[in-house]
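Reviewing the structure listed below.
All figures in this text were calculated on a predicted structure; none of them were measured in a lab. Both backbone and side-chain heavy atoms feed into the values below; hydrogens, waters and symmetry mates do not. Just follow the structure's listing: the first ligand is 1, and inside any ligand the first atom is 1.
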Amino acid sequence: MKISSKTFTKNRWAQVLIGIGIVVAGIFNATQGISQEVNTATLDATQAKYRISKYIYGHFTEHLGHCIYGGIWVGENSTIPNKNGIRTDVVEALKRIKAPVIRWPGGCFADEYHWKDGIGPRNQRPTMINTNWGGVTEDNSFGTHEFLDFCQQVGAEPYISGNLGSGTVQEMSQWVEYLNSDNVSPMTELRKQNGRDKSWGVKFWGLGNESWGCGGNMRPEYYADVAMQYATFLRNYGKNTLNKIAVGPSDDNYYWTEVIMKQMSTSIWGLSLHSYTWGNNETATNFDESKWFGMLQRTMRMEEYVTKHAAVMDKYDPSKSVALVVDEWGAWYNVEPGTNPAFLYQQNTLRDALIAGINLNIFNNHCDRVKMAAVAQLVNVLQSLILTDNEKMVLTPTYHVFDLYKVHHDALMVPIDLKTNSYTFGNSSIPALNMSASIDANGTLNITICNTDAKQMQPLLCNLKGFKATSISGKIITADALNAHNTFDNPNVVKITDFKQASLKNGNIEAKIPAHSVVLLQVEGTFEGRKAVTPPQKLQQGLQYKIYEGQWNKLPDFNSLTPVRSGVIKEIVLPENMPATNVGVVYEGYLKVDQDGIYEFSIISDDGSRIEIDGESVAINDGLHGMIERTGSTFLKKGYHTIRVEFFQAGGGWGLNVLMAAPGGEKRPISSSSLNCP
Ligand code: AHR
């Protein structure tokens, strides 16, 4: 999103409004506070090309305070309703927001966790001292099997942080084998003895946690060497390719990013970023407007961190293959009075709803680089979605934001050029509005808007390009008090309600965004997407392929080279009798799709590859590397589209796999009946 604070003169402003056919006078008389200039947002659906990964809406769980014990795990014999010891109310709440990924077992705890202590009969598992979080005894009753059962019950992907700080390469490599291999081996036998025959196929794998701090106090150069060693021995089993995530920086440590990207960018799927919004010696509920403003101002720095880390990453990875994974973010206040300071238990107010909404809008707008995130933490710790007290459970304002924003999961991000008023407090100002938008698989345009201003309604005009709006509806999270929050006795103070202050005028949107609120606007209409092309009349099944020979370490300009062989191939697989080194292949033709919608493409290769649809790169997997996967999405209209796949192999292992997920479907190889060429 391009944001600028308004510097318009009144005259210029009037010209803009008249230019788009709006009668200014009296439209937006503020109902709260003094009247405001209209904020304007131009949403350009013709420029929508990046998918907002649902994994941005991920969660973090750690063996810390009552996150795992009490928050998730109560044990099979508990009177609290549970399935296999896991709280049913928490699972049901997470299913409602379609929680896509859960990170575990830490945090700092991950680098002192030995996974073998957490498998086998529970009454025989050894105990340990949780030295990071209060020195309590950890009895290991929630371990690998329990975590994966939890993920399965929720329907979320597991993301495991390995112990690089105090473990061994062998220990981490065996954990992956235990989880993902279906071969016969001591690790898979052990898994079977513990009641699980089939591998789980865990994909997301963290190479330690905060190795610059609690994970080992390492220099980035040293960490990169150690992490490369670990990464080497974390193997892919069967068809499961691991998405390895390196420890990244905190906040503005751009040097860390620089070093890791320089040394590791072709070996990792992601680089993590941790950035908390720190309270200024306050609890979650006890604050005035200056502290409201301060927290929102500090949380907005996420925009700067993401932008600057992404710029460093661009230097080493211009094709944006490596994901920035913001796997710890959220508000961190003083603990609730009377609770254990090491358990990080805090309440959650309307202010936290704004903090969540702003961060998620920032991630959405940077979805070309931010492909995963995890709020810290899921239950009973820091900025939680859920609080529990024995059998009681309450959903926080942050939960409701995740509920409201789930419309963005895997949708196509629509870039916004926002001209916003400022919200000024004392001598400082921040943007009054913060927004993001996307088009979902049904073609609905969803816009999420945060009004940071504690007192004033903000009038908003959205000018829509490339989207013909026919109807609009809305939902809102707000409350009278800035510190409004939900308690076990009063659980519905902050919740989602209908929002009626938005309408369509001449195909554009006019809305009044109330002070201190998070709003969702849902616009129905027509989105053109990528139009189908007309192919030549005579088509045969399959794609044309051309083989090239040469020595490359990244994809060359194949158009300037002469192929050594060509032909037609039914599917996108490597042609037979190809040389095994110093070779390139290009496939070209038409892809036929049966319905309008968002199509996801996935290209897995060793070495480099790229997939283009209608002449534009959708997924780039360039460079020298092992079998790694890159994905990209685009909105296709029913009919034919041009497809081009490029691949090269230098030496060593090699392979190419191209998958596509049609709207609502699973990723699978593109069927030969959808591939055609002249
Ligand atoms: O979320 C609490 C802690 O904050 C995590 O354990 C650690 O990674 C971070 O410093």
Do Tyr223 and Trp256 have their ring centres less than 6.0 Å from each other? yes

Any disulfide (SG to SG under 2.5 Å) involving residues 94-140? Give me the pairs, sequence neighbours left out, ordered by first then second residue. Cys108-Cys214

Quick one: nearest non-hydrogen protein atom to [atom], plus distance?
| atom | result |
| --- | --- |
| atom 1 (O) of ligand 1 | Tyr276 OH, 2.7 Å |
| atom 8 (O) of ligand 1 | Glu328 OE2, 2.8 Å |
| atom 10 (O) of ligand 1 | Glu210 OE1, 2.7 Å |

Kindly confirm or rule out an N or O of Trp332 lying under 3.5 angstrom from an N or O of ligand 1.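 Between Trp332 and ligand 1 (N or O atoms, distance only) the closest approach is not under 3.5 Å.
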
Got an N/O contact under 3.5 Å between Cys108 and ligand 1? yes

Counting from 1, what ligand 1 atoms have a heavy atom of Gln377 closer than 4.0 Å? 1 (O), 2 (C)

Looking at Glu62, which atoms of ligand 1 are within less than 4.0 Å of one of its heavy atoms?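 In order of number, 1 (O), 2 (C), 5 (C), 6 (O).
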
Can you establish whether the number of heavy atoms outside Lys291 located under 6.0 Å from its atom NZ is more than 12?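 Yes, NZ of Lys291 has more than 12 neighbouring heavy atoms, counting only those of other groups under 6.0 Å.
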
Within 6.0 angstrom of Tyr254 OH, more than 12 heavy atoms from elsewhere: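 Result for OH/Tyr254: enclosed.
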
Nearest 0.5 Å, what's the CH2-CG distance between Trp200 and Asn180? 9.5 Å

